[in-house]
Structure formats: structure tokens, C-alpha cells
Amino acid sequence: MPPISPEQVVARLKEGKPVPAVLLLGADSFLRETCREQIIDVVVDQAARAWAVQRYSAAEDELELIVSRARMMPMLAPRQVIVFADLDAIAPPAAESKKEDPSDMLREYLSSPAPFTVLIFEAAKLDQRMRLTKLLTEVAFLVDAELPENPQERLRVATRHTKQMVNEQKGAIEDDAAEELADLCNCDLATIRSELAKLVTYAGAGQKIKRADVEALVVAEKKYSVFELANVLATGELGRALQFVDKLLRDGEPPPAIIGAMAWMFRKLLEAQELGRGVNAGQAAGRLRMRQDAAEIALRQAQKIPRSQLVKGLQALCEADSRLKSGTKHDRAVIEFLVAQLAGSREAVVRSG
């Protein structure tokens with residue numbers, strides 16, 4: 001079944017059309033959560049959620065249990081939602097296994113589904129070898145929980161979501177501030193939502209969040225300190241670079257946010273190189289759209305790092321970002337390998353020189 005938008009699923013439910021099963025597929029946990037909550041809002045009254053919304057995980061529960069519960073009438077509510085998350089945890093049965101494939105039971109159920117149940121299946125990624133994957137992509141309403149791959153389109157969509165999140169939090173944000181925040185957070189919607197909660201309070205009741213607010217509260221905290229890492233990478237000191245990243249991780253900085261800050265920093269250093277050597281910090285601040293103290297650091301660091309290293313670094317950052325979004329459970333390893341690549345590219349430049 002071709003993908004449809006969350007809004008289309010919600011519209012079907014509001015019109016009373018059958019929606020027996022929905023597959024939320026994609027690595028963006030925020031998009032999965034948003035769609036899931038939209039469905040629950042339409043199907044189950046707030047007062048009935050304690051007993052009419054059931055949540056299970058494939059890491060702990062069997063598919064047979066889900067099918068059995070889907071057939072049972074909900075208590076004190078006309079309809080129910082059953083969420084079955086973490087489908088990534090299901091491994092394809094061994095070829096020699098004599099155990100019945102649970103997807104057969106689900107197929108039988110979906111051939112005549114209970115009219116009072118909406119099943120929501122969730123996964124960051126599905127094994128295409130499994131019969132369950134084939135069944136769900138054929139029968140369930142598929143919602144793509146991923147942002148676009150194209151960087152410009154990805155930023156545009158993330159910026160739109162940023163504005164929507166601000167509205168939900170009873171706030172407002174200027175267009176350039178929304179784009180700056182989305183860019184800073186590497187278009188990671190969960191991180192954006194977390195930062196917005198602080199920004200709405202910081203801006204004050206009835207006030208729009210401005211770019212200056214983002215710079216004061218978020219950029220200063222997350223991005224400008226990453227120029228310290230640029231200084232370490234410029235010297236090729238892998239040990240110090242790994243210590244810097246280790247501190248960020250231990251302080252609770254999400255890996256996607258680290259990569260987003262580093263990518264921002266690399267782009268700003270490239271922009272600073274294009275300004276030429278005759279530009280002062282005040283002029284650079286306006287053209288780079290950052291505070292003057294940060295612009296001064298950017299100009300200084302841009303002279304230390306070869307352009308070829310910055311370009312290769314951006315490519316490595318893009319690859320690391322894709323690995324994180326693929327659902328890997330080894331975020332620290334991805335970050336450490338990335339830092340080794342970035343420091344190693346400097347060593348290669350030094351050797352070739």
C-alpha cells in the first residue's frame with residue numbers, strides 16, 4: 001500500500017471509514033509519536049484512555065497476544081487503540097523452524113478485523129525478508145515517519161514542524177529563528193521540541209521567539225563551544241578530540257545534536273573562508289549571522305583548517321547522521337568513528353603537505 005500522510009489517516013477515522021491497521025515506519029521517533037497521538041485523539045476519548053489504549057513492545061510481547069487483544073471488546077469505550085512498537089526486535093524465523101509464523105495469524109485477523117480496534121504497528125526499520133513486513137506493507141495504512149533525504153527539503157520540513165510545535169506550546173516564533181533552530185538541532189524533531197520548551201519560557205508570554213533568543217539560549221550553549229573541537233581537529237589530536245566528545249556525551253548531549261552542531265560549525269568555517277582575510281569580526285558577524293565573539297573565533301579557525309578537510313568533514317558528518325538515523329544502538333561508536341575520521345583527515349593533509 002502506498003504511503004499516506006497522518007492527516008489522511010485521521011480524516012478516514014473522522015469520517016468513520018475502517019482503519020484496521022496502521023504502520024508507522026521510520027527512524028524519526030517524534031514523527032511516530034505525533035502520528036500515534038493524533039490517531040489516539042480521534043479514536044479514544046481522553047477519559048477512556050486508561051483502559052482503551054494498550055501499549056506493547058515486540059521486544060517483550062508476542063504478536064499472538066496482540067491479535068488476541070484486538071479481538072476483545074474494549075471496556076467502557078466504543079473503540080480501542082492497540083500499539084505494538086519495536087517491530088525491529090522481531091527476527092525472521094529460522095528456515096528449519098517448525099513454529100508457525102505469527103504473521104499467518106495476523107493475516108487471518110486482518111481479513112476480517114474487529115471494527116472497534118485500530119492496530120498501530122511501529123518500527124524504525126523492518127527486515128524485508130520477513131513475511132510480516134510484506135503483510136504490513138500490503139495491508140496496513142503506511143505512514144512514512146522520516147524527513148526528506150534532500151538537505152534543503154529536510155530543513156524546510158523541519159522548520160515547518162518547528163512552527164507547529166511552537167503553536168502547540170501556545171507560543172510564536174519568527175521564520176528565521178525557526179529555521180536557525182531546526183538547523184542547529186540537525187532537523188532532529190525531538191531535540192527541537194525540547195529546546196522549544198525552554199525558548200517559549202525564555203521569550204515570555206505573548207512574545208515571539210527571535211533569532212537572538214535562539215542564539216542566546218541555544219546557539220551559545222551548543223554551537224559556539226564546538227569551535228573548541230575545531231581547534232583540536234585542526235591539530236589532528238585524536239585523543240583530545242575524543243575526550244571532548246566523551247564529555248559532551250556524559251553531559252547528556254544527544255548524538256544527533258552533536259553532529260548537527262559540528263555540521264553547522266563546518267559550514268560556518270567554509271563561509272568564513274569565503275569572506276577573505278580582510279574582513280573584521282564585526283563585518284563577519286553580520287554576514288555569517290552569528291554573534292561577534294563567535295564570528296571572531298570562526299575567522300581564526302577558518303585560517304587553520306584546509307578547505308579540502310572541511311568539505312570531506314561535511315561528507316563524513318552526513319554519513320554519520322545517516323548511520324544514527326538508521327536505528328543503530330551504538331551511537332557512541334558512530335560519534336567516535338566520526339571524530340577519528342575528522343582528525344585523520346587532518347593528518348592526511350599534514351602528510352601530503
Side-chain angles (χ1 to χ4, degrees), residues 1-6 8-9 12 18-36 39 55-70 81-113 117-151 153-154 157 187-190 255-256 259 318-331 333-334 337:
M1 188 176 293
I4 65 173
S5 69
Q8 288 174 300
V9 174
R12 285 186 62 90
V19 180
V22 178
L23 173 60
L24 307 182
L25 182 60
D28 197 305
S29 59
F30 176 85
L31 289 178
R32 295 200 306 270
E33 177 188 347
T34 300
C35 184
R36 180 201 320 134
I39 293 172
R55 303 173 190 269
Y56 300 94
S57 168
E60 301 174 357
D61 305 298
E62 298 293 333
L63 183 57
E64 292 90 338
L65 171 64
I66 309 306
V67 174
S68 175
R69 293 295 171 87
V81 172
I82 298 178
V83 181
F84 194 39
D86 307 316
L87 293 189
D88 323 55
I90 300 178
E96 65 276 8
S97 175
K98 295 182 180 179
K99 185 178 179 181
E100 182 181 359
D101 192 320
S103 64
D104 292 334
M105 181 182 293
L106 179 61
R107 182 181 292 277
E108 180 185 353
Y109 167 79
L110 290 175
S111 67
S112 181
T117 298
V118 176
L119 287 173
I120 300 179
F121 297 92
E122 294 188 32
K125 190 176 182 180
L126 284 177
D127 191 327
Q128 298 300 315
R129 298 171 297 170
M130 295 195 305
R131 291 172 60 191
L132 176 61
T133 300
K134 184 178 180 181
L135 171 62
L136 289 175
T137 52
E138 286 179 352
V139 178
F141 288 94
L142 174 60
V143 176
D144 190 2
E146 292 275 12
L147 291 176
E149 289 291 332
N150 179 275
E153 181 66 11
R154 185 182 187 84
V157 174
C187 298
D188 185 84
L189 299 179
I259 289 182
C318 182
E319 292 169 1
D321 183 56
S322 296
R323 291 192 193 100
L324 287 181
K325 289 182 168 58
S326 69
T328 178
K329 297 180 180 179
H330 307 288
D331 290 359
V334 171
F337 180 71

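Here Ser103 contributes atom OG and Leu135 contributes atom CG; the two are 6.0 Å apart, rounded to the nearest 0.5 Å. Leu189 CG to Glu33 CD: the interatomic distance, rounded to the nearest 0.5 Å, is 11.0 Å. Note that the CG atom of Asp61 and the CZ atom of Arg55 stand 13.5 Å from one another [nearest 0.5 Å]. Considering CE of Met105 and CG of Leu63, their distance stands at 7.5 Å, rounded to 0.5 Å. If you take NE2 on His330 and CZ on Phe337, they are separated by 14.5 Å, rounding to the nearest 0.5 Å. Taking CG of Asp127 as the reference point, atom CG of Leu132 lies at 10.0 Å (rounded to 0.5 Å).
When all heavy atoms are compared, the tightest approach of Asp331 to Pro255 is CB-CG, 3.6 Å. The minimum heavy-atom distance linking Phe141 with Pro20 is given by the pair CE1-CD, 4.2 Å. Here the closest heavy-atom approach between residue Arg69 and residue Tyr56 is recorded as NH1-OH, 2.6 Å. Across every non-hydrogen atom of Leu324 and Pro256, the tightest pair is CD1-N, 3.9 Å. Scanning all heavy atoms of the two residues, the minimum distance from Arg36 to Ile120 falls at CG-CD1, 4.1 Å. Taking every heavy atom of both residues into account, Ala145 and Arg32 meet most closely at CB-CG, 3.5 Å.
Side-chain atoms of Ser112 never come within 3.5 Å of backbone atoms of Glu108 as a donor-acceptor pair (strictly under, hydrogens ignored). Panel note: side chain Asp86, backbone Ala89; no donor-acceptor pair is recorded below 3.5 Å. Counting only distance, with no hydrogens or angles, the side chain of Arg12 and the backbone of Val19 share no donor-acceptor pair below 3.5 Å. With hydrogens and angles ignored, the 3.5 Å screen pairs a side-chain donor or acceptor of Thr137 with a backbone N or O of Thr133.
At a threshold of 4.5 Å between non-hydrogen side-chain atoms, the residues Val143 and Gln8 do not count as touching. Looking only at side-chain heavy atoms (C-beta outward), Leu87 and Leu25 stay at 4.5 Å or farther from each other. For the pair Ile39/Cys35, a side-chain contact is recorded, criterion being any heavy-atom separation below 4.5 Å from C-beta on. Under the 4.5 Å side-chain criterion, counting only non-hydrogen atoms from C-beta, Ile66 is in contact with Leu119.
Of the residues listed (Val83, Val22, Leu106), the one engaging Phe121 in a side-chain contact (heavy atoms from CB on, under 4.5 Å) is Leu106, and it is the only one.
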**Request:** Please test Met130 against Ile90 for side chain to side chain contact (heavy atoms under 4.5 Å, CB included), starting from the C-alpha separation and ending with a verdict.
**Result:** CA-CA 9 Å; Met130 295 195 305; Ile90 300 178; 3.9 Å; yes

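Residue pairs meeting the salt bridge (charged side-chain N to carboxylate O under 4.0 Å, His left out) criterion with at least one member in residues 134-151, sequence neighbours excluded, do not occur.
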